[in-house]
Each structure stands twice: as C-alpha cells, then as structure tokens.
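Working notes for the structure below.
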Amino acid sequence: MSPWSWFLLPTLRLLPASAAPPRGAPASANCKLKPQQSELNSFLWTIKRDPPSYFFGTTHVPYTRVWHFIPDNSKEAFQQSSIVYFELDLTDPSTISALTSCQMLPRGENLQDVLPRDIYCRLKRHLEYVKLMMPSWMTPDQHGKGLYADYLFDAIAGNWEQKRPVWVMLMVNSLTEVDIKSRGVPVLDLYLAQEAERLRKQTGTVEKVEEQCHPLNGLNFSQVIFALNQTILQQESLRAGSLQIPYTTKDLIKHYNCGDLSSIIFSHDSSQVPSFINATLPPQERVTAQEIDSYFCRELIYKRNERMGKWVKALLEEFPDKGFFFAFGARHFMGNNTVLDVLRREGYERGDRKPAVTARLLCRLGSGSARPGSSGTGSWVCRVPTVAAPRVSAQKC
C-alpha cells in the first residue's frame, strides 16, 4: 500500500468490508474493447514453484470501485494462497499509531510558527473553504451510513496545525470533492487485508513504518515550502475554474479496471504525490520541481522495490513449500527497476537451480501493443500462459 493511502484509516474502518461489494456494479468499465469480466487484464504474476505463489498489483482506491473488474484468476489465487503479504499491516493499531506520529511536528511546535505567513494564511483560507463545501460534497450513501461532514473534516484535517508541512501538502491534495465522495469505504489493499484476517490466513509485511514514512520527512525545508505552495496554488486554480487535473481518481479507476498498465497513471497512484513539473514554471522553480520528482521516484519507488524484492526472495527461500500471495501497489511491478527486476538480478530466472520466479501475466486481452524491449507505455496483449512479464518504459520514474 502507498504511504499515503492510510490518511483516513480510522474513518475507512468505520464501515466494515463485506465479503463482496454490493450487487449492481456496472458490467463494464467502458473500456475501448468492452471485454467481459473474465477476459479483462489481471495485474497478477505467477511465481513458478510448487505450490505456486503470486504477485498481485493493487490500486489505492475504494475496493467497491474495482472489485467486480478483477478477474477470477486473481481472486482464486488469493483464496488458494495460505500466506498473504502486504507492504504494511494496516489492520494493526500500532502501525497506524506509528504512521500518525510520523506526520506530527516536534512537541511544542505549531505550523503557524513554521510556515511563511502568506502561505499559512492561504492554507487556512483554503481549509475553511473545504469545511464549508464538504456537506455538499458528501453522498446520500455516506450520510445513510453515519458519516457526516464535520466528523469527516475533523478526521482528515482536525489537527492540521500540528502536522509537518509536507504531510499538510498531501492532506490538501486529498481534500477534493471526488476524493471526499469515496471516503468511508476501505481501499483495495485494506479490503484484502481484512479479508485475509477474516479467512484466518497467515499474514505478514515486507516493510517497516519508517521505510514508508521517513522519505517524505527527508525533503529539505525549501523543497517542502515549494511543494506546499504549488499544491495550494493548484487548489486555488481549481476553485477558480482555471485548471483541470490531468489525472484524477476516476481516471485511475478506469485504467485499472480496463487493465491499462500505463506507468504514468500508476506512478501517481503509487506515490500519491502531485507532480509539480509544468511548463509555466520559471526555470529555477522547474529545477526544484524536477529535484523533488526525482527524489520521490528514487526514495518511494526504486529503493523500496529493492528492499521489497529482497524480502520476497528471503521468504521464498525460507519457505519453499508455502504458497504466498504478495499484494503490493501495481507500480512496484511496472516500469523500470521493479520488484520483479530485483528478483531477476538475484538469480531467480528460468533454468536456475533456485525456485523459479519467472513472472508471467495471467490475462487475455490488452489495449495496446507494448512488448518486451519496446518503448511503448501502454498495456500489452498476453499470450496465455507463456509470455514473460514485459517491461513498460516509464515516462515518470
């Protein structure tokens, strides 16, 4: 799961996940080819051993928006696996507590004393606007389940003046009408964790809290102020109607449901960090934006992939007779320097004496033509079951 998807975990857990989403979900995701559910791409890779193990690429959106489009092979792999591993254990209160503590300023410090006055005042005005608008943003279904605007605002932003500026930046980025309408339902990662717990599967994690949290706190102060200012500017432009976000949660859901492995879309999903690079920035500010972008790519994608891949390798070697299901954000299996690439470098290839970890897509239809070694960034057509996992060249990261 991404480091930032747990912003509202206390709220998300107010509404328990059932065994399956409510009936009546749409029959298609309005994909170009409009395939049947059983023919959709699956973000599932097999690990060739006996019993088999699996990698499954998740997305950090409400599970009810994607569950009906996840092919049966992925659901069956989850059901059949005896051990399920996640990035972090988001059902453990101590994990949530540690993640929350990581966001806070040192004791005694206040955001008003840390931020430049103009940024602080604009931030305060924007949060007042959000609080005013939130009742109209919420859905009747949310109200019917006992989730109300004042409570929701306090759950998200109630202690904003005690947070570190970088976490306030992420908080502001998540306080949009589209995102508010989805609050109160577990994201896919958390739903799978709850299901694993309900089915009494053995579970584990491949990361520590500080490995997800510390990279954000590692930005220098000038970079943080730049990022917060750009985020507030973006929200002010959205309010004025002069800006349209290029990648929305709705876009992400459609791409995931259609099996579109676009590395650009999923880069945003994996980090939940807005991209600050745009053509309107002055040259020096563009350099700062690129430095921040590169930092997050290195710290939140590549370094984590390296650690996660080595954890997986150790587990496979320690328990050769166990069937694992590794559920990580889909971006960790896409683009360059993925978790799969780490395993390949560690010698897990076809013909090696070690347990084979040649990854293969289990899917039937795709909406693109990118092949191994190509420069395309779309999805690919799979030839079941013998196609090794292609690489998609990333334009971001």
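If you read the sequence from its start, that first residue is 1, and numbering goes on from there. Just so we're clear, the structure is a prediction, and the values are computed from it rather than from any experiment.
In this structure, the side chains of Glu109 and Met104 stay at 4.5 Å or more apart for every pair of heavy atoms. Considering only heavy atoms from C-beta on, Ser182 stays 4.5 Å or farther from Val61 through its side chain. Looking at heavy atoms from C-beta onward, Gln79 lies out of side-chain contact with Glu76 at the 4.5 angstrom threshold. No side-chain heavy atom of Val84 sits less than 4.5 Å from a side-chain heavy atom of Gln202. Here the side chains of Leu90 and Phe86 are not in contact, with every heavy-atom distance at 4.5 Å or above. Using a 4.5 Å heavy-atom cutoff, the side chains of Lys201 and Ile83 are not in contact. The shortest side-chain heavy-atom distance between Leu188 and Ile70 falls under the 4.5 Å cut-off. Contact of the Gln80 side chain with the Tyr54 side chain is registered, since non-hydrogen atoms from C-beta on lie closer than 4.5 Å.
Donor-acceptor pairing under 3.5 Å is recorded for the side chains of Thr338 and Asp341. Residues Ser222 and Asn220 bring a donor and an acceptor atom of their side chains to less than 3.5 Å of each other. Donor-acceptor pairing under 3.5 Å is recorded for the side chains of Glu161 and Tyr120. Side-chain contact, Arg122 with Asn229: a donor N or O sits under 3.5 Å from an acceptor N or O.
Ring geometry, Phe326 versus Phe324: the interplanar angle falls under 30°, so the pair is classed parallel (tilted spans 30 to 60°). Between Tyr191 and Trp67, the two ring planes are perpendicular [angle over 60°; tilted spans 30° to 60°].
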Determine, step by step, whether Phe78 and Phe56 satisfy the ring pair (Phe, Tyr, Trp, His ring centres under 6.0 Å) criterion, reporting the C-alpha distance in whole Å, the side-chain angles of both residues, the deciding distance to 0.1 Å, and the verdict. CA-CA 9 Å; Phe78 176 76; Phe56 178 63; 8.5 Å; no
Determine whether Thr95 and Asp89 satisfy the following criterion, side-chain hydrogen bond (donor to acceptor under 3.5 Å, both in side chains), listing intermediate values before the conclusion. CA-CA 7 Å; Thr95 299; Asp89 182 3; 5.4 Å; no
Worked check of side chain to side chain contact (heavy atoms under 4.5 Å, CB included) between Val342 and Trp311: CA-CA 10 Å; Val342 173; Trp311 260 108; over 6 Å; no
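Here the OG1-CG distance, from Thr231 to Leu175, works out to 11.5 Å after rounding to the nearest 0.5 Å. Atom CZ in Arg331 sits 5.0 Å away from atom CD1 in Ile301 (nearest 0.5 Å). Rounded to the nearest 0.5 angstrom, Glu299 CD and Lys303 NZ are separated by 3.5 Å. Note: Arg164 CZ to Met171 CE = 15.5 Å, rounded to the nearest 0.5 Å.
A cation-pi arrangement is not found for Lys254 relative to Phe69, the charged atom failing to lie both closer than 6.0 Å to the ring centre and inside a 45° cone about the ring normal.
The backbone N or O of Glu291 lies less than 3.5 Å from no partner atom in the side chain of Gln223, so there is not a single donor-acceptor pair. For Asn305 (side chain) and Asn337 (main-chain N/O), a donor-acceptor pair under 3.5 Å exists by modelled atom type. Side-chain atoms of Gln235 do not come within 3.5 Å of backbone N or O of Asn173 as any donor-acceptor pair. Asn159 places no side-chain N or O within 3.5 Å of a backbone atom of Gln162 that could act as its donor or acceptor partner. With hydrogens and angles disregarded, no donor-acceptor distance shorter than 3.5 Å links the side chain of Glu318 to the backbone of Leu315. Although no hydrogens or angles enter the test, the distance criterion places no donor-acceptor pair under 3.5 Å between the side chain of Arg239 and the main chain of Gln234. A distance-only check finds no donor-acceptor pair linking the side chain of Arg286 to the backbone of Pro282 [under 3.5 Å]. Side-chain atoms of Ser81 come within 3.5 Å of backbone atoms of Ala77 as a donor-acceptor pair (strictly under, hydrogens ignored). Under a 3.5 Å cut-off, the side chain of Gln230 and the backbone N or O of Ala227 do not form any donor-acceptor pair.
Between Phe333 and Trp45, the ring centre distance stays below 6.0 Å. With ring centers used as reference points, Phe328 lies 6.0 Å or more from Tyr85.
Two different hydrophobic clusters hold Tyr148 and Ile156 under the rule that ILVMFWY side chains link at heavy-atom gaps under 4.5 Å. Cluster membership check: Tyr151 shares its hydrophobic cluster with Leu127, using side-chain heavy-atom separations under 4.5 Å among Ile, Leu, Val, Met, Phe, Trp and Tyr. Both Phe319 and Leu316 are part of a single hydrophobic cluster, where members link through side-chain heavy atoms under 4.5 Å apart.
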